[in-house]
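Here the structure is laid out as structure tokens; the discussion comes afterwards.
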There are 2 protein chains.
Amino acid sequence: MGKVGNKGQIKERLRTWGYKATSARLSILGVLEKSPSPLSAQAIIDRMKGEVDPATVYRNIKALRDKGVIRPIDFRHNHAHYELETDREKKRHHHHLICTKCGASEDISYCDVELLEEMVIRKSKSFSAINQHSLEFYGICDKCSKK
Amino acid sequence: MGKVGNKGQIKERLRTWGYKATSARLSILGVLEKSPSPLSAQAIIDRMKGEVDPATVYRNIKALRDKGVIRPIDFRHNHAHYELETDREKKRHHHHLICTKCGASEDISYCDVELLEEMVIRKSKSFSAINQHSLEFYGICDKCSKK
DNA sequence: AAATTATTTGCAAATAATTTGCATTTAGTT
DNA sequence: AACTAAATGCAAATTATTTGCAAATAATTT
């Protein structure tokens, strides 16, 4: 039973998604896989220590987003954060509780939005399908509250 | 029973929130009040026909956001959209169904997130309060699907 | 395994989105 | 009417993202 994060498997997946398995893409996915919380484009760039050009990171973020491989999370800063959408070990589709001060985040995995989703689409007059949804909660974390 | 959108009342409210009732603020709130859907900063600026400087609009968006008068909605474009948070006639707290192609949006008012919110805060280890939340659904509207 | 080709990358420059400094103006006092 | 703190306009700075193009590279074909 191989690790989900195994390089060969990621390469295969990239090809399945219709992309070449370049080192830039492996890096980006690797960085996101390692991170416990969603990262900004800048944070991804920083973690690659100058090995990948920012433009390349942005282009790939867009490409991976289009394929639904990664999804944006709004941290209420003025840029998006991203996380892997695909299920990994012990990590399924989930939502977040986000500190608007420091950007810390906690995962929330017990909100069943899919049920709501069905109702929403049934009631809509001008939409016939929903591709994605966001559900995030915002507050000030205890650490920031103390300050 | 005066209209909610009445100028004098808005001025009073601005003062209550700790702000001077300037024409820039009245304009911004007026524009948002008239709009059936959340507007980007640029859209707000455009609707004021050069009468208010962009910097002033941005400064006020921030100020009104801080007071919870307006709230940001993520349209998955790369800038925020805003709408009035305060209840108006026939307009209570709600969520959205958003077309990621053209930006059209439909209001959704029957999702009771407040219940979820209680559970989230009860289960959290590092947060003690939630100030805001977002719940949006994304798809391609029927108009865009046809093209 | 070298040649081929369509993708992808890096770099530099462009564009978009937002913020800031500072002199001037204005709303709400006194 | 004079005063004062807050707010504004304007220009410049910063931050975030996108684009054009020549060079590099992954996957394919020979």
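Values in this document were obtained by computation on a predicted structure and should not be read as measured data. Lettering follows sequence order; numbering is per chain, from 1.
Residues forming a side chain to side chain contact (heavy atoms under 4.5 Å, CB included) with B:Asn131 (at least two apart in sequence, or on another chain): A:Ile140. Residues satisfying the side chain to side chain contact (heavy atoms under 4.5 Å, CB included) test with A:Glu118, not counting sequence neighbours, are A:Arg122. Under the salt bridge (charged side-chain N to carboxylate O under 4.0 Å, His left out) criterion, A:Asp107 pairs with A:Lys91, not counting sequence neighbours. Considering only residues two or more places apart in sequence or on other chains, B:Arg76 meets the salt bridge (charged side-chain N to carboxylate O under 4.0 Å, His left out) condition with B:Asp74. Residues satisfying the ring pair (Phe, Tyr, Trp, His ring centres under 6.0 Å) criterion with A:His133, sequence neighbours excluded, are A:His93, A:His95.
One can place CE of B:Met48 at 9 Å from P of D:dG9, the figure rounded to the nearest angstrom. Rounding to whole angstrom units, CG of residue B:Leu14 and P of D:dT8 are separated by 10 Å. Here the C1' atom of nucleotide D:dT14 and the NE2 atom of A:His79 are 14 Å apart, to the nearest Å. As rounded to whole Å, 10 Å separates atom P of C:dT18 from atom NE2 of B:His81. Spacing between atom CG of A:Asp53 and atom P of C:dT7 amounts to 21 Å, rounded to whole angstrom units. The nearest whole Å value for the distance from the CH2 atom in A:Trp17 to the C1' atom in D:dA27 is 18 Å. A:His77 places its NE2 atom 15 Å from the C1' atom of C:dT18, with the value rounded to the nearest Å. Rounded to an integer number of Å, the gap from CG of B:Asn60 to P of D:dA6 is 15 Å.
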Please list, for nucleotides 28-30 of chain D, all pairs of protein and nucleotide N/O atoms separated by less than 3.5 Å.
none

Using nucleotides 21-26 of chain D, report all nitrogen or oxygen pairs with the protein that are shorter than 3.5 Å.
{"from": "D:dA26", "atom 1": "N3", "to": "A:Lys20", "atom 2": "NZ", "distance (Å)": "3.0"}

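For the pair B:Asn78 and B:Ala55, both in contact range of DNA chain D, the more 5′-proximal nearest nucleotide belongs to B:Ala55. Each of B:Lys11 and B:Ala41 has a nearest nucleotide on DNA chain C; the 5'-most of these lies closest to B:Ala41.
Counting only residues at least two apart or in different chains, ring pair (Phe, Tyr, Trp, His ring centres under 6.0 Å) contacts with residues 35-75 of chain A comprise A:Phe75-A:His81. Evaluation of the side-chain hydrogen bond (donor to acceptor under 3.5 Å, both in side chains) test over residues 42-51 of chain B, restricted to residues two or more places apart or in two chains, returns B:Gln42-B:Asp46. For residues 22-32 of chain B, the side-chain hydrogen bond (donor to acceptor under 3.5 Å, both in side chains) pairs, not counting sequence neighbours, are B:Arg25-B:Asn60.
Defining each end axis of the helix from C:dA1-D:dT30 to C:dT30-D:dA1 as the rotation carrying four pairs' C1' atoms onto the next four, with five pairs an end, the two axes are found to diverge by 30° to 10 degrees.
Nearest heavy atoms, A:Ile61 versus A:Ile44: CD1-CD1, 4.2 Å. Residues A:Val57 and A:Ile28 come closest through the heavy atom pair CA-CD1, 4.0 Å.
You'll find that the side chain of B:Tyr19 is closest to D:dA7, out of D:dC10, C:dT9, D:dA7.
Dashed line: the shortest gap from a side-chain N or O of B:Tyr58 to OP1 or OP2 of C:dT18 is under 4.0 Å. Contact annotation: B:Thr56 side-chain N/O to D:dA7 OP1/OP2 distance is not under 4.0 Å.
By the 4.5 Å side-chain criterion applied to Ile, Leu, Val, Met, Phe, Trp and Tyr, A:Ile121 is assigned to a cluster that also includes A:Leu97, A:Ile108, A:Tyr110, A:Val113, A:Leu116, A:Met119, A:Val120, A:Phe127, A:Ile130, A:Leu135, A:Phe137, B:Leu97, B:Ile108, B:Tyr110, B:Val113, B:Leu116, B:Met119, B:Val120, B:Ile121, B:Phe127, B:Ile130, B:Leu135, B:Phe137.
In this model, a donor atom of one side chain and an acceptor atom of the other lie less than 3.5 Å apart for B:Glu106 and A:Ser124.
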